[in-house]
Protein chains: 2
Amino acid sequence: MTSSDLLFDSRPGANPDRSRLRNRKAVLGQINSAGQMGRAAIARSLGLSTQAVSNIIADLEAEGLLIERGAQSAGRGLPAVQYAVNPEGGFALGVEIRPDVLLTSLVDLGGRPRATRRKVLTDLAPDKIVNQVLQLRDQMLRECGVKPDRLLGAGIVMPGPFGATGLSGQASDLPGWQTIDVPALFSEALERAVVVSNDANAAAMAERFGAAQGLTDYAFLYFGAGLGLGLVHHGQLVEGTFGNAGEIGNLPVMTKHGLKPLEQMVSRVSAQSALAAHGPLDIDALDRLCDVADPDLMRWLETACDALGQALGVIENLFDPQTVILGGAMPALILDHLAQGTPLPKLSVSNRPDATLPRLQCGTSGRMTATFGAAALILNRAFTTQTTAL
Amino acid sequence: MTSSDLLFDSRPGANPDRSRLRNRKAVLGQINSAGQMGRAAIARSLGLSTQAVSNIIADLEAEGLLIERGAQSAGRGLPAVQYAVNPEGGFALGVEIRPDVLLTSLVDLGGRPRATRRKVLTDLAPDKIVNQVLQLRDQMLRECGVKPDRLLGAGIVMPGPFGATGLSGQASDLPGWQTIDVPALFSEALERAVVVSNDANAAAMAERFGAAQGLTDYAFLYFGAGLGLGLVHHGQLVEGTFGNAGEIGNLPVMTKHGLKPLEQMVSRVSAQSALAAHGPLDIDALDRLCDVADPDLMRWLETACDALGQALGVIENLFDPQTVILGGAMPALILDHLAQGTPLPKLSVSNRPDATLPRLQCGTSGRMTATFGAAALILNRAFTTQTTAL
DNA sequence: TTTAATAACTCAACTTACTTGAATATTAAA
DNA sequence: TTTAATATTCAAGTAAGTTGAGTTATTAAA
């Protein structure tokens with residue numbers, strides 16, 4: 001069994017092969033979310049015998065997916081030999097296709113980005129983009145000295161919503177891609193497992209190696225051009241029937257000027273238009289304005305926080321998440337302001353006197369979070385078993 | 001292995017025992033959602049060998065969980081012997097505890113209610129209620145001639161939200177139950193598997209044997225005293241960190257009189273208060289008013305439909321469900337009016353030209369849907385494997 | 001009508017991966 | 001120093017799914 005076999009295969013029926021695969025993922029996932037662990041502790045947490053875990057660890061270590069971390073004494077008894085995920089054990093390619101630009105990343109098994117590329121797009125034709133991706137993949141693999149066979153797969157992020165919906169036909173759509181079988185296209189070209197999702201979902205997955213490490217139920221509010229929501233339930237994305245769950249941009253919120261769509265109050269575009277007097281502003285310009293506490297920006301922040309608070313109430317009451325994470329293509333300073341300044345709704349199931357996690361917090365992977373998240377979609381496949389229920 | 005072993009045990013690690021259990025559930029679940037199936041077809045759908053399915057079917061049939069339905073020819077080749085779930089094979093107890101009344105049901109493995117009981121509560125003390133439940137269980141088992149060992153488990157429905165939250169302290173709370181370990185309480189008394197959830201979640205599960213048969217992703221809007229939402233993702237409930245997901249009652253909706261909480265516009269209580277001039281109205285009285293198209297009720301319906309349409313937009317855009325189902329303690333006529341009269345939001349990911357399912361429809365299990373659903377929580381355990389991911 | 005193709009199903013032997021129980025090593029507490 | 005607790009490995013045992021050959025029933029073509 002090679003490491004790329006770790007991905008996919010999730011038919012409902014269990015047989016020795018698939019059980020083995022499942023257990024390997026469970027062991028890796030457990031170690032990943034705990035940082036490091038010993039055989040016996042893993043066995044207990046998974047409900048397996050230590051012998052079984054021992055065998056699996058031997059395999060995973062031989063394949064380079066795990067590394068020994070020495071023994072750690074914890075009270076009476078023989079100290080347990082600790083194992084951790086070997087970041088060098090595998091890599092995932094992250095691809096984010098936007099109407100204007102192609103972003104790629106190479107992320108290691110530890111969730112750390114090792115290389116990134118940014119390429120302005122002039123031709124959106126699928127085969128052109130596939131070729132660019134192949135080139136960028138090779139560049140990044142070479143740059144990092146990674147052997148191609150260590151590449152587990154690729155995650156592709158594309159603008160949603162997918163298919164013909166009441167929200168389609170927006171500026172974010174990629175012309176010429178509507179009728180394409182995207183997973184097949186990339187999977188054939190890359191000869192690897194491929195997962196496709198939207199930016200908010202990918203960003204949510206990226207946080208499994210950041211703010212959401214060890215969490216199983218959380219939401220991610222993603223700032224792209226607009227605003228998207230990524231939902232994680234039991235460690236898996238809630239993508240919806242057609243992959244369009246989390247379209248929160250049109251959520252109506254109350255403002256001084258009546259009801260407005262959320263993303264008209266809370267998004268990069270909304271900030272930019274509130275600051276139109278300053279001329280065209282990119283993210284860095286916004287960052288500088290925030291740094292000097294520009295009054296126009298502060299006013300926008302106030303209205304944004306208010307709107308965000310309303311959205312937070314809806315998200316919390318509908319999902320009851322462990323936490324809600326903010327991130328995306330916004331200056332970290334502004335995200336901080338939002339996370340700190342947003343009024344936490346009182347009428348919420350998350351308004352608990354005994355809460356241990358913050359109800360709203362910032363993500364850890366910065367502006368490229370969706371591009372890294374694209375890769376995290378694949379990494380998640382190595383750490384968990386997908387469940388095709390019913 | 002006895003049939004009650006079918007429930008629970010869902011540790012992450014796979015071993016022969018658990019794989020067997022998993023496969024048994026998968027076979028049962030597949031047959032249940034398809035109605036009837038042959039060995040080979042099941043094997044294909046689950047990714048198992050026909051031999052494995054054959055062995056499992058032999059066991060399940062011997063245990064009385066499956067019944068043969070004769071051979072069915074489909075093209076060339078030996079006709080496949082069809083199997084269906086034997087409704088008599090197992091039963092689940094449904095218990096709904098409200099502040100004023102105790103409702104119970106006995107539901108067979110086919111999802112059909114076989115007996116119900118309703119008992120006005122004067123004493124809410126946990127031990128008193130447990131005793132009542134034991135009595136009602138025995139009554140119902142006797143009435144239906146069901147042997148006690150055919151009882152798989154019990155689902156308990158209680159008013160949410162659970163734990164101390166910003167929404168707690170409402171009228172629906174059960175005094176004296178806040179600090180109780182409810183699953184343990186009933187599980188010890190009944191000596192059976194016990195699942196606890198809220199009314200909306202239970203109602204959602206009830207529809208797996210009704211309007212949502214064969215569906216894996218849908219939402220259920222439940223009319224109780226207020227309004228609740230049950231979310232089903234990949235055939236499993238999305239209950240949230242503390243079991244409080246789906247608290248949609250406080251969702252702000254726009255009305256002629258400004259923003260109002262959804263359940264102030266769409267709920268039995270809201271209908272009753274809109275019709276206060278008619279004096280106190282129970283569900284049957286509402287039904288009669290609807291039947292004669294009472295103008296006050298029609299006016300209420302109009303505002304309710306408008307509010308419901310807004311909520312529907314939020315649900316659809318956040319979850320992208322296959323369908324949204326309406327049900328609960330409301331007259332069927334009113335539910336029909338709501339399902340028909342609610343404006344389907346245009347700005348929605350569910351607004352698809354090629355949609356095959358209705359975006360909004362009525363459930364099939366009537367007023368007792370939460371009580372039946374309580375039992376369905378258990379039945380669902382017999383047909384699917386829970387996944388404790390990460 | 002005969003024959004070939006197709007598909008479902010069973011039997012018996014085989015394989016795989018987990019479990020069990022005994023043995024050993026290491027640490028902390030008595 | 002002794003005892004209890006815990007981690008780990010080894011070797012044998014077990015359970016469940018797979019494989020491949022053979023049987024039976026049905027459709028479609030010769």
Side-chain angles (χ1 to χ4, degrees), chain A residues 1 5-6 9 11-28 30-31 34 36-63 66 68-83 385, chain B residues 1 5-6 9 11-27 30-31 34 36-62 66 68-83 385:
Chain A
M1 179 151 33
D5 290 334
L6 269 175
D9 188 86
R11 280 169 295 178
N15 63 19
D17 264 19
R18 295 202 277 267
S19 293
R20 178 75 156 173
L21 186 60
R22 187 186 176 81
N23 287 342
R24 284 166 57 100
K25 290 187 183 194
V27 167
L28 267 180
Q30 193 68 40
I31 293 176
Q36 57 174 39
M37 262 181 125
R39 290 171 236 260
I42 297 170
R44 277 190 299 268
S45 71
L46 299 181
L48 291 174
S49 64
T50 46
Q51 187 55 56
V53 172
S54 229
N55 295 338
I56 292 169
I57 284 187
D59 283 4
L60 292 174
E61 195 183 11
E63 290 170 30
L66 286 180
E68 202 187 303
R69 276 282 170 77
Q72 195 171 65
S73 148
R76 207 182 274 196
L78 182 67
V81 178
Q82 304 291 303
Y83 285 87
T385 303
Chain B
M1 179 151 34
D5 290 333
L6 268 175
D9 187 88
R11 279 169 296 179
N15 63 18
D17 263 20
R18 295 201 276 267
S19 293
R20 177 76 156 173
L21 185 60
R22 189 187 175 79
N23 286 342
R24 284 167 56 100
K25 289 186 185 196
V27 168
Q30 194 68 40
I31 294 177
Q36 56 173 43
M37 264 181 122
R39 288 170 236 260
I42 296 169
R44 277 189 299 268
S45 71
L46 300 181
L48 291 174
S49 62
T50 46
Q51 187 56 55
V53 172
S54 231
N55 294 339
I56 292 169
I57 283 187
D59 283 4
L60 292 174
E61 196 183 10
L66 286 181
E68 201 187 306
R69 273 285 170 76
Q72 195 172 65
S73 144
R76 209 181 270 198
L78 182 66
V81 178
Q82 303 292 303
Y83 286 87
T385 303

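Sequence lines set the chain letters: A, B, ... in the order given, protein chains first and strands last, and positions in each chain run from 1.
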For a quick test of reading the model: is some side-chain N or O of A:Asn55 closer than 4.0 Å to OP1 or OP2 of C:dC18?
no
Could you pull out the protein-nucleic contacts involving nucleotides 28-30 of chain D (nitrogen or oxygen on both sides, under 3.5 Å)?
unit_1	atom_1	unit_2	atom_2	d
D:dA28	O4'	B:Arg76	NH2	2.9

I need the CG-P distance between A:Asp59 and C:dT16, as an integer number of Å.
13 Å
Ignoring backbone atoms, test whether B:Asn23 places a side-chain nitrogen or oxygen under 4.0 Å from the OP1 or OP2 oxygen of D:dG17.
yes
Of A:Arg18 and B:Ser73, whose closest DNA chain D nucleotide lies nearer the 5' terminus?
A:Arg18
How many whole angstroms separate atom OH of A:Tyr83 from atom P of D:dA7?
14 Å
N/O contacts under 3.5 Å, protein versus nucleotides 11-15 of chain C?
unit_1	atom_1	unit_2	atom_2	d
C:dC11	N4	B:Gln51	OE1	2.6

Rounding to a whole Å, what distance do you find between A:Arg20:CZ and D:dG17:P?
18 Å
Report the C-alpha distance between B:Ile42 and B:Ile57 in whole Å, list the side-chain angles of each, state the deciding distance to 0.1 Å, and finish with yes or no for side chain to side chain contact (heavy atoms under 4.5 Å, CB included).
CA-CA 10 Å; B:Ile42 296 169; B:Ile57 283 187; 4.0 Å; yes
d(CG, A:Leu48; P, C:dT20) in whole Å
11 Å
Identify whether any heavy atom of A:Ala71 sits under 4.0 Å from a base atom; if not, whether one sits that close to sugar-phosphate; answer base, sugar-phosphate or nothing.
nothing
Does OP1 or OP2 of C:dC9 have a side-chain N or O of B:Thr50 closer than 4.0 Å?
no
Report the C-alpha separation of B:Asn55 and B:Arg20 in whole Å, then their side-chain angles, then the decisive distance to 0.1 Å, and conclude whether the side chain to side chain contact (heavy atoms under 4.5 Å, CB included) test is met.
CA-CA 10 Å; B:Asn55 294 339; B:Arg20 177 76 156 173; 4.3 Å; yes
If only side-chain N and O atoms of A:Arg44 are considered, is one of them under 4.0 Å from the OP1 or OP2 phosphate oxygen of D:dA7?
yes
May I ask you to verify if any side-chain N or O of A:Arg39 is less than 4.0 angstrom from the OP1 or OP2 atom of D:dT9?
yes
Here the distance between atom P of C:dC9 and atom CE of B:Met37, to the nearest Å, is 11 Å
Between atom CZ in A:Arg22 and atom C1' in C:dT16, what is the gap in whole Å?
17 Å
What is the distance from CD of B:Gln72 to C1' of D:dA25, rounded to the nearest Å?
15 Å
Hey, which of these two, A:Ala52 or A:Ala74, hits DNA chain C nearer its 5' end, going by closest nucleotide?
A:Ala52
Would you mind reading off the distance between B:Asp17 atom CG and D:dG17 atom P, rounded to a whole angstrom?
10 Å
